[in-house]
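Okay, so here's the structure we're looking at.
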Amino acid sequence: MQVSLRRCVGHVLGSGSAAAVRTISTSSLCSQQKKTTQLKNMLNSSELEFLMEAHDGLSAKIVEEAGFKGIWGSGLSISAQLGVRDSNEASWTQVVDVLEFMSDATSIPILLDADTGYGNFNNARRLVQKLEQRGVAGACIEDKLFPKTNSLLDGRSQPLADMEEFALKIKACKDSQTDPDFCIVARIEAFIAGWGLEEALARASAYSAAGADALVIHSKKSDPSDIEAFMNSWDNRTPIIIIPTKYFKTPTQQFRDWNCSTVIWANHNIRAAVTAMKDVTSTIFTQQTLMDVEGKVAPVNELFRLQNDKELREAEDRYLPKV
């Protein structure tokens with residue numbers, strides 16, 4: 001059975017304070033496991049697990065330090081921080097470059113929001129190979145057409161891929177991976193595209209049979225009725241991941257009651273960053289001074305800490321000649 005981070009920490013510390021819990025990094029508890037194994041264990045855990053969005057090396061580091069056991073490499077967030085739309089305007093190589101920095105900065109697994117796999121089965125299986133080379137733990141591929149349309153856009157057509165062809169794409173990805181613990185997650189967009197429960201279940205069965213390690217069932221309703229109906233009909237033979245961006249008022253305990261595997265908090269770091277940057281930028285522009293800003297932004301030394309400047313200073317002492 002996969003043991004939760006808090007349970008691991010509790011075992012180490014006894015009944016220590018929450019502050020003490022935060023001082024023990026996820027990496028110290030999971031360093032004996034490959035990132036792929038960590039993610040696979042999360043997906044198959046008997047407890048509800050959580051993935052937090054990150055979009056660059058800095059945000060990935062912050063997610064790990066907060067105590068999260070895994071990272072969601074959000075396609076929306078990565079494209080937004082690059083200043084382009086979430087419609088495959090950033091190439092897969094550009095996305096993988098960002099993921100490499102994120103992976104290097106952290107010791108917890110990353111599940112990439114890999115859109116449709118950036119093409120057909122051949123594009124998708126090549127992506128898997130490149131993600132493995134960069135230490136990314138898994139890829140989540142959605143059953144829509146390339147180029148994709150963001151699922152939460154209103155009034156946009158959301159055509160689905162052919163079910164059989166997409167199942168074979170999942171199989172191609174599984175067949176191409178070299179690490180047996182690398183995770184392929186199939187994202188079902190039937191509810192997003194306006195189809196009903198029967199279509200969602202049929203696709204779930206097909207993708208599960210093709211070898212998917214987990215399934216995302218997605219909905220943009222403001223209530224979780226689609227998710228509840230699906231979970232009440234699903235036989236739990238493959239773990240189910242949900243993304244409650246729109247039905248955020250639903251108590252998390254309900255997700256546990258429905259036997260969901262994992263919750264993805266999908267885009268909140270990039271949205272928080274936008275709010276903070278707009279506020280600070282507007283203040284500086286209007287006031288032409290930093291007097292009201294310095295007290296509400298991170299100190300420069302905090303950036304140095306997150307960049308692990310301490311390690312560089314120690315390395316300079318070892319490897320540079322003394323003057």
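Just so you know, residue 1 is the first one in the sequence shown, and it goes up from there. What you are looking at is a predicted structure, and each value in this text was computed from that prediction instead of being measured.
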Heavy-atom count check: over 12 atoms from other residues, nucleotides or ligands less than 6.0 Å from [X] [atom1]?
| X | atom1 | answer |
| --- | --- | --- |
| K296 | NZ | yes |
| E316 | CD | yes |
| E302 | CD | yes |
| K171 | NZ | no |
| R134 | CZ | yes |

Before accepting this row, confirm whether a basic side-chain N of the pair [X]/[Y] lies closer than 4.0 Å to the acidic partner's carboxylate O.
| X | Y | answer |
| --- | --- | --- |
| D181 | K35 | no |
| E165 | K169 | no |
| D143 | R187 | no |
| D175 | R125 | no |
| D309 | R313 | yes |
| D235 | R237 | yes |

Can you measure from [atom1] ([X]) to [atom2] ([Y]) and round to the nearest 0.5 angstrom?
| X | Y | atom1 | atom2 | answer |
| --- | --- | --- | --- | --- |
| Q33 | N41 | CD | CG | 5.0 Å |
| I141 | K148 | CD1 | NZ | 12.0 Å |
| M231 | I217 | CE | CD1 | 9.5 Å |
| I270 | H55 | CD1 | NE2 | 3.5 Å |
| E314 | N308 | CD | CG | 8.0 Å |
| L82 | D86 | CG | CG | 11.0 Å |

Regarding [X] and [Y], do their side chains bring together a donor and an acceptor under 3.5 Å, going by distance alone?
| X | Y | result |
| --- | --- | --- |
| E49 | S45 | yes |
| D56 | Q81 | no |
| E132 | T178 | yes |

Cut-off 3.5 Å, no hydrogens considered: what does the side-chain donor-acceptor table look like for residues 247-260, sequence neighbours left out?
residue: T250; atom: OG1; partner: Y247; partner atom: O; Å: 3.0
residue: Q253; atom: NE2; partner: D257; partner atom: OD1; Å: 3.0

Exercise. Do Y207 and F166 make the cut of ring centroids closer than 6.0 angstrom?
Worked result: yes
Exercise. Is there a path of hydrophobic side-chain contacts, each under 4.5 Å between heavy atoms of I, L, V, M, F, W or Y residues, that connects I184 with L168?
Worked result: no
Exercise. Given E65 and R305, is the salt bridge (Lys or Arg N to Asp or Glu O under 4.0 Å) satisfied, shown in steps?
Worked result: CA-CA 12 Å; E65 288 193 351; R305 187 192 68 80; 2.7 Å; yes
